[in-house]
Amino acid sequence: MSQRRRETKTPHSDALLAWYDRHRRRLPWRLAPGEPADPYRTWLSEIMLQQTTVAAAGPYFEAFVARWPTVEALAEAPLEEVLSEWAGLGYYARARNLHACAQVVATDLGGAFPDDEAGLLKLPGVGPYTAGAIAAIAFNRQAAAVDGNVERVIARVYGIDAPMPHAKAEIRLRTQALVPADRPGDFAQALMDLGATLCTPKRPACALCPWDDACVAHAQGIEESLPVKAAKKDRPLRRGAAFWAERGNGTVLIEKRPPKGLLGGMDGVWLTPLGRDVDPAEARAHAPFKERWHRVAGEVEHVFTHFRLRLTVFTATDVTSFAAPGTRWVARSDLPGVGMPTVMRKAAAHALRALHGPDAEKLVALRRRRART
DNA sequence: CACCCGTGGTC
DNA sequence: TGACCAAGGGT
């Protein structure tokens, strides 16, 4: 209390919006000034952006709106096609919820998205952040959209040093109090742009920040230490195996995974159970059928959210066994059309390289390139 | 609340 | 190289 502090002003939306008008990012889902909002596109982009970088989501957004321009079109698409189009983007429950949500909107709500936070919050795949973002951006509601960027900006501006996630409630209140009645959608996006481009986790560019004179953390020189987060858990190493089977007619075995859980509903290579560590020497017991399985030299590494996976790859050719339930045979030339998660593509590429040489692995190359920044 | 759920870029 | 983290939601 007797401790002397530098003066800090009050953060105001006007300063942030003025900055946004000059420095906002040009993104595929962002409208030109004056262009009417399309709730479908706003919703689609927000689902894709959950825990996903702008660069990764961009090409997927373009592909989805080109293929399914309306929520009705998306609702009528088979789930398998939606999952295939989503392949590689990760967190596949989002795609399942996306499809379910489209059907709710198209069938139960007459094609119109709810126009307030409470209504949006009831939709599958729409939580507090996404409901606020859609309400503000698509419906001009005075709603807060608190994502990781906003948590960081607000924690710093107000000097909130309570650890996450305990501080979430206070951050939400502070954010809500700042949302202007005018331009709430721009304010939401401005706050996220600020966090993404200036108020970054490390080495924030405070000299360029429209709120530098209002920021408690900056005044105290503790920007980089906020927000306070708990230490992350380490990711244990799990071993497993992938089984790549080919028949003499040029087809390969593809499995559709169970509808929920890790990689739920996705097509790909037959794998040992991912829920536990499987010794490569014991892996053949989990093969889709009894065959002369050949172990491929080398391994495939992949990192999931809560464990690391090291896969040994086994191959069998001229297979005559029947496909097991949940599997089918796909022409090798049709592999580019099979939407496989990245871990599956890695395993498939490893097998194809071993059996057919380095050119063959292009059959399972990632179809989308990263967006230009 | 704690845990589950993908992937790629960055420093 | 590896730890961090990205427009989080479901259970």
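Labels below follow one simple rule: chain letters A, B, ... track the order of the sequence lines, proteins then strands, and each chain is numbered from 1. Model, not experiment: these values are computed from the prediction.
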> Expressed in whole Å, how much space separates the C1' atoms belonging to dC3(B) and dA7(C)?
Replying inline: 22 Å
> dA6(C) base to Arg152(A) side chain: any donor-acceptor pair below 3.5 Å?
Replying inline: no
>> Which nucleotide wins on minimum distance to the side chain of Pro165(A), given the candidates dC1(B), dA6(C), dG6(B)?
In response: dC1(B)
> Below 4.0 angstrom from OP1 or OP2 of dG6(B), is there any side-chain N or O of His302(A)?
Replying inline: no
>> Distance check needed: dG6(B) P versus Leu309(A) CG, whole Å only.
In response: 13 Å
> Below 4.0 angstrom from OP1 or OP2 of dA3(C), is there any side-chain N or O of Lys232(A)?
Replying inline: no
> Can you find a donor-acceptor pair, distance only, under 3.5 Å between Thr305(A) side chain and dG6(B) base?
Replying inline: yes
> For the side chain of Asn149(A), counting heavy atoms from C-beta on, which of dG8(C), dA6(C), dG10(C) is nearest?
Replying inline: dA6(C)
>> Quick check for you: to the nearest 0.5 Å, what is the distance between Met344(A) atom CE and Leu271(A) atom CG?
In response: 4.5 Å
>> Between C1' on dG10(C) and CZ on Arg96(A), what's the gap in Å once rounded to a whole number?
In response: 10 Å
>> So, OP1 or OP2 of dT7(B): does either fall under 4.0 Å of a side-chain N or O from Thr342(A)?
In response: yes
> Which part of the nucleic acid, if any, lies within reach of Arg25(A) when heavy atoms closer than 4.0 Å are counted: base, sugar-phosphate only, or nothing?
Replying inline: base
> Touch check for Leu263(A), heavy atoms < 4.0 angstrom, all strands: base, sugar-phosphate only, or nothing?
Replying inline: sugar-phosphate
> Touch check for Leu27(A), heavy atoms < 4.0 angstrom, all strands: base, sugar-phosphate only, or nothing?
Replying inline: base
>> By nearest heavy atom, map Gly90(A) and Lys202(A) onto DNA chain B; which one lands nearer the 5' end?
In response: Gly90(A)
> What integer distance in Å separates His99(A):NE2 from dG9(C):C1'?
Replying inline: 19 Å
> Taking all non-hydrogen atoms of both residues, which atom of Gly339(A) and which atom of Ser84(A) are closest, and how far apart?
Replying inline: N-OG, 3.3 Å
>> Is there, by distance only and without an angle test, a donor paired with an acceptor across the side chain of Thr52(A) and the base of dG6(B) below 3.5 Å?
In response: yes
>> Take a 6.0 Å sphere around NZ of Lys256(A) and say whether it holds more than 12 heavy atoms from other residues, nucleotides or ligands.
In response: yes
>> Over 60° means perpendicular and under 30° means parallel, so tell me whether Trp329(A) and Phe289(A) are parallel, tilted or perpendicular.
In response: parallel
>> Applying a 4.0 Å non-hydrogen cut-off, can you work out what Gly264(A) is touching in the nucleic acid: base, sugar-phosphate, or nothing?
In response: nothing
> Contact class for Ser45(A) (heavy atom, under 4.0 Å): base, sugar-phosphate, or nothing?
Replying inline: nothing
>> Rounded to whole Å, how long is the line connecting atom CZ of Arg235(A) with atom P of dT7(B)?
In response: 12 Å
> Between Leu98(A) and Trp43(A), is any pair of side-chain heavy atoms under 4.5 Å apart?
Replying inline: yes
>> Measuring from the side chain of Pro201(A) (C-beta onward, heavy atoms only), which nucleotide among dA6(C), dT7(B), dC5(B) has the closest atom?
In response: dA6(C)
> Taking the six-membered ring for Trp, are Trp211(A) and Phe187(A) parallel (under 30°), tilted (30 to 60°) or perpendicular (over 60°)?
Replying inline: tilted
>> By the 4.0 Å heavy-atom rule, please label Trp29(A) as base, sugar-phosphate, or nothing.
In response: base
>> Tell me the interatomic distance from Arg41(A), atom CZ, to dA7(C), atom C1', rounded to whole angstroms.
In response: 17 Å
> Reckon Val150(A) touches a base, only the sugar-phosphate, or nothing at all at heavy-atom distances under 4.0 Å?
Replying inline: nothing
>> If I take atom CG in residue Leu98(A) and atom P in nucleotide dG9(C), what distance separates them, rounded to the nearest angstrom?
In response: 14 Å
> Of the nucleotides dG8(C), dG6(B), dC1(B), which has the atom closest to the Tyr92(A) side chain?
Replying inline: dG6(B)
> Between Glu301(A) (CD) and dA3(C) (C1'), how many Å, whole number?
Replying inline: 16 Å
>> Does dG8(C) have OP1 or OP2 under 4.0 Å away from a side-chain N or O of Gln51(A)?
In response: yes
> Using the benzene-type ring in the case of Trp, are the ring centres of Phe304(A) and His306(A) under 6.0 Å apart?
Replying inline: no
> Rounded to whole angstroms, how far apart are CZ on Arg172(A) and P on dG8(C)?
Replying inline: 13 Å
> Hey, which of these two, Leu121(A) or Arg30(A), hits DNA chain C nearer its 5' end, going by closest nucleotide?
Replying inline: Arg30(A)
> Roughly how far apart, to the nearest Å, are dG6(B) and dT11(C) at atom P?
Replying inline: 14 Å
> Is the distance from OP1 or OP2 of dG9(C) to the nearest side-chain N or O of Thr130(A) less than 4.0 Å?
Replying inline: yes
> From the list dG6(B), dG9(C), dC4(B), which nucleotide is the closest neighbour of the side chain of Tyr129(A)?
Replying inline: dG9(C)
